[in-house]
Structure formats: C-alpha cells, structure tokens
Amino acid sequence: MTSVHPRELADLDLYAVWVSAPGLTDRFDPFRFEHRMAAYRHLIDATNADGLFGADNRHNPLWAWAFQLQWQCRTGRLGATTRADGMIDPDAPWAYGNYTLSVIPWLGAERAGVVAPLEIADAPGAARFRYVRGGVVPDELTPSVEQWRRYFAMVTDTRATTDFEPLRIALWKAHKTCLDVVVTEIAGIDPAPYAPLELTFLRGWCRMVDYLGAAAWRTDFGFMTEHGLDVLPETLLERRSDLRSLPDKVRRNVANVVRLATTSPRHYALNLWLWRRIMRTRAARDDVLTLLDAIFDPRRDNAAARRRMLGHLLRP
C-alpha cells in the first residue's frame with residue numbers, strides 16, 4: 001500500500017520514521033518503535049478509501065496518535081534506550097498507555113476488515129502490565145477492541161463528507177475505553193525509574209483526554225500541526241521546579257494537567273460533568289479552543305468566553 005501524506009509532513013521530525021519504517025508483513029511487534037509507527041501509517045492509509053479524508057489524507061483523525069507516539073519516543077517516555085535502538089520498554093507507563101492505543105485499535109481494525117490479521121508479538125519477558133500474549137487479549141481490554149471495531153466499521157460505511165465530527169465522537173469513545181484501563185493499571189505502581197511527577201503527569205493526561213473527548217476534539221493533521229505540537233514537555237518531568245524552565249505555553253499546559261491529576265475524584269467528577277454539559281451543542285464544541293482556555297486558565301481577556309460557557313451550561 002502506497003502511503004499518501006500531506007507535503008508539510010516533510011518539515012516535521014515524524015517524517016523520517018514515517019517514510020522509512022518497513023511495512024508490516026506477517027508480524028506486528030509492538031515493542032519495536034518502527035512497528036508501532038508502521039501500524040499507524042497502515043491504519044491511516046487503509047481508512048482513506050476513495051479519498052474520504054482528502055487526497056493527501058490530511059483530515060484523517062488518526063494523525064494525533066502518530067504525533068503522540070513520536071513525542072513519546074523523542075522525549076524518552078517509551079524507555080531509556082528507545083531513541084537509540086528502537087526497543088520499547090514494556091514496563092514504561094507511557095509505553096503501556098500507547099500500547100493500548102496502537103495494538104488494540106489494530107485488532108479492532110482487523111475485526112472490521114480494514115487491515116489483514118497479523119501475529120502480535122508477545123512482550124519480551126515478564127512485565128508489570130498485561131499485554132496480548134499468544135494472541136489472547138487481556139480481559140480488561142477486550143471491550144476496547146470492540147469499540148475500535150465499531151469505529152473502523154463506521155469509517156468504512158461513511159461516504160464522502162465534510163463533517164467528520166460523528167467519526168471523531170466514535171473514535172474518542174474507543175480511545176477513552178483504553179485509557180480508562182490505563183488509569184486503573186497505573187494506579188499505585190512504583191514510578192521508578194521515572195520520577196513520581198512524571199507518573200502524575202500521565203495520570204493527569206488521561207484525565208485531560210476526558211475533556212478532549214467530550215468536545216470531540218479534532219485530531220487531524222492540520223489541527224494537530226497548528227495546535228497540538230507545541231504544548232507538551234520535551235523533557236521528562238523530575239521536579240515541580242523544572243516547570244519554571246518550560247516554554248510558557250507548555251508550562252501552563254503541564255500545570256493544568258498535573259492539577260487535574262491531583263484533583264479529588266469527587267471534585268473531578270463534578271467538573272467533568274459540568275464540562276460535558278457545556279459541550280452538549282455543536283456551537284460549544286466548535287468553540288472548544290477558547291472555552292477550554294477559559295476553564296483552565298481564567299483571565300481578564302477570556303471573560304467573554306467564560307460568559308459564553310455559562311450560557312452553554314445553563315441551556316435547557
């Protein structure tokens with residue numbers, strides 16, 4: 001299958017592995033970085049039948065997953081040696097999280113007939129997280145495979161359209177089922193060799209995804225390159241004092257994510273319920289960039305957005 005991608009990809013660090021990763025043939029080894037990236041490339045290409053997401057596939061909502069994987073590799077979150085040898089540490093929490101968002105979608109796509117079945121390689125040795133072994137999906141991830149199958153079946157059944165929100169809603173639903181498992185599995189684990197703050201950041205990021213999913217947040221190539229590539233830290237987080245050295249936009253985003261992680265379950269549940277109520281209408285979801293900024297970083301210059309948010313909240 002020939003990969004077609006936006007020409008702007010050539011200017012990004014993702015490009016090198018995107019064009020060089022060998023295609024998957026009979027085996028998918030998710031503990032090799034290039035295999036995970038090749039799986040994303042294959043899924044993005046396979047879901048653009050008849051140019052559904054544009055001639056260059058730029059409207060495909062799966063682009064965010066490739067960018068996230070590249071960021072995790074670049075910043076050492078997939079394991080201490082990944083950047084050097086491409087091997088992914090099965091005990092790295094971020095690597096486990098991405099596993100649920102690469103292997104599980106792949107299996108869903110297989111069941112939807114979008115990609116051909118491949119052997120899924122077992123984790124190399126014992127690991128503290130549960131992975132597909134001998135082709136058997138762990139019980140906690142089986143419902144997620146079905147949710148991803150529904151997403152890919154929906155893509156297959158969708159004809160030419162300019163409104164991709166229904167697909168994004170289905171995609172975020174499947175995504176959330178995976179991260180709900182991740183949140184449970186990383187609760188109470190020893191973060192070593194990573195700092196406790198890094199694991200807190202991961203927990204908070206999983207919670208942030210609840211907010212993004214409720215808004216059917218765009219994850220296509222154009223939106224990601226405009227709004228999603230300069231908001232995450234390029235280093236592992238060691239101490240809270242490290243946040244001061246981060247670029248302003250990144251620092252504020254990381255602080256918000258960490259705050260989410262440390263919010264009490266009851267308070268978090270209430271805030272998320274209010275946010276989902278705000279996001280009930282298409283008008284609110286289309287305004288999500290300004291509304292999300294207003295809720296996480298209230299300032300004088302976004303007071304008007306907070307008033308709009310209140311109107312969405314109180315809407316019958």
Side-chain angles (χ1 to χ4, degrees), residues 1-10 12 14-70 98-121 132 135 137 141-142 144-175 177-178 216 218-225:
M1 178 182 296
T2 302
S3 179
V4 178
H5 52 258
R7 59 178 178 77
E8 303 97 310
L9 184 63
L12 303 173
L14 174 62
Y15 182 75
V17 66
W18 194 259
V19 298
S20 66
L24 302 179
T25 52
D26 57 346
R27 190 169 186 262
F28 174 9
D29 184 349
F31 300 96
R32 291 177 57 188
F33 170 67
E34 286 190 345
H35 274 222
R36 289 199 195 184
M37 194 61 79
Y40 283 139
R41 185 182 62 198
H42 194 108
L43 288 173
I44 288 174
D45 291 338
T47 48
N48 198 36
D50 301 320
L52 173 64
F53 296 119
D56 62 359
N57 218 342
R58 70 174 52 243
H59 301 300
N60 199 309
L62 290 175
W63 277 108
W65 281 253
F67 282 121
Q68 277 280 301
L69 177 62
Q70 178 69 7
N98 179 264
Y99 180 98
T100 72
L101 295 172
S102 54
V103 172
I104 302 305
W106 179 273
L107 293 175
E110 281 188 2
R111 295 186 185 185
V114 170
V115 297
L118 291 179
E119 175 193 353
I120 305 297
V132 174
V137 179
L141 288 168
T142 298
S144 299
V145 175
E146 172 58 19
Q147 288 298 327
W148 281 106
R149 184 201 65 78
R150 293 180 184 180
Y151 167 73
F152 286 109
M154 186 176 179
V155 171
T156 300
D157 292 340
T158 299
R159 296 298 174 256
T161 182
T162 57
D163 182 10
F164 300 109
E165 189 184 65
L167 292 175
R168 291 201 306 273
I169 290 172
L171 180 146
W172 278 112
K173 182 177 181 180
H175 185 105
T177 65
C178 290
R218 282 177 54 189
T219 51
D220 55 90
F221 184 90
F223 194 85
M224 285 297 300
T225 53

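Just so you know, these numbers come straight off a predicted model, no measurement behind them.
Rounding to the nearest 0.5 Å places CZ of F67 at 6.0 Å from OG1 of T225. Going from atom CH2 of W148 over to atom CG of L141 covers 12.5 Å, rounded to the nearest 0.5 Å. Atom CG of N60 sits about 9.0 Å away from atom CG of L171, to the nearest 0.5 Å. Rounding to the nearest 0.5 angstrom, the gap separating the CZ atom in F31 from the CD1 atom in I120 is 10.0 Å. The CH2 atom of W172 sits 6.5 Å away from atom OG1 of T219, with the distance rounded to the nearest 0.5 Å. For the atom pair D50 CG and T158 OG1, the distance stands at 12.0 Å (nearest 0.5 Å).
Identified under the salt bridge (Lys or Arg N to Asp or Glu O under 4.0 Å) test for residues 108-121, with sequence neighbours left out: R27-E119.
What you find for C178 and I104 is that their closest heavy atoms are SG-CG2, 4.0 Å. Residue Y99 comes nearest to R36 through the heavy atom pair N-NH1, 3.3 Å, listed as atom of the first residue, atom of the second, then distance. Closest approach of D163 to P166, counting heavy atoms only: O-CD, 3.6 Å. When every heavy atom of F221 is checked against every heavy atom of L9, the shortest pair comes out as CZ-N, 3.8 Å. Nearest heavy atom pair, residue T25 against residue L118, reads O-CD2, 2.6 Å. The two residues A39 and F28 come nearest to each other via the heavy atoms CB-CZ, 3.6 Å.
Listed by chain and number, the residues in a side-chain contact (heavy atoms from CB on, under 4.5 Å) with N48 are L52, F53, N57 (sequence neighbours excluded). With sequence neighbours excluded, the residues satisfying side chain to side chain donor-acceptor pair (under 3.5 Å) with Y40 are N98. In this view, W63 satisfies the side chain to side chain donor-acceptor pair (under 3.5 Å) rule with no residue, not counting sequence neighbours. Residues that satisfy the side-chain contact (heavy atoms from CB on, under 4.5 Å) test with A21, not counting sequence neighbours, are V17, E34, A38, R41. Shown here are the salt bridge (Lys or Arg N to Asp or Glu O under 4.0 Å) partners of E165, two or more places apart in sequence or in another chain: R282, R285. Residues passing the ring pair (Phe, Tyr, Trp, His ring centres under 6.0 Å) test with H59 are F164, sequence neighbours excluded. Residues that satisfy the side chain to side chain donor-acceptor pair (under 3.5 Å) test with H5, not counting sequence neighbours, are absent from this structure. Qualifying side-chain contact (heavy atoms from CB on, under 4.5 Å) partners for T177, counting only residues two or more places apart in sequence or in other chains: S144, Q147. For R168, the salt bridge (Lys or Arg N to Asp or Glu O under 4.0 Å) criterion is met by no residue, not counting sequence neighbours. For the side-chain contact (heavy atoms from CB on, under 4.5 Å) test, residues two or more places apart in sequence or in another chain that qualify with A109 are L43, V114, V115, F152. Under the salt bridge (Lys or Arg N to Asp or Glu O under 4.0 Å) criterion, R150 pairs with E146, sequence neighbours left out.
Although no hydrogens or angles enter the test, the distance criterion places no donor-acceptor pair under 3.5 Å between the side chain of R149 and the main chain of A112.
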(message) Assess the residue pair F223 and R58 against the criterion (side chain to side chain contact (heavy atoms under 4.5 Å, CB included)); give the C-alpha distance rounded to whole Å, side-chain angles, the decisive distance to 0.1 Å, and a yes or no.
(response) CA-CA 9 Å; F223 194 85; R58 70 174 52 243; over 6 Å; no
(request) Test M37 against L69 for side chain to side chain contact (heavy atoms under 4.5 Å, CB included), laying out the working first. (result) CA-CA 7 Å; M37 194 61 79; L69 177 62; 3.9 Å; yes
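Under 3.5 Å, the side chains of H42 and W106 contain no donor-acceptor pair of N or O atoms.
Residues V103 and V137 form no side-chain contact, since every pair of their non-hydrogen atoms from C-beta on lies 4.5 Å or further apart. At a threshold of 4.5 Å between non-hydrogen side-chain atoms, the residues H175 and W65 count as touching.
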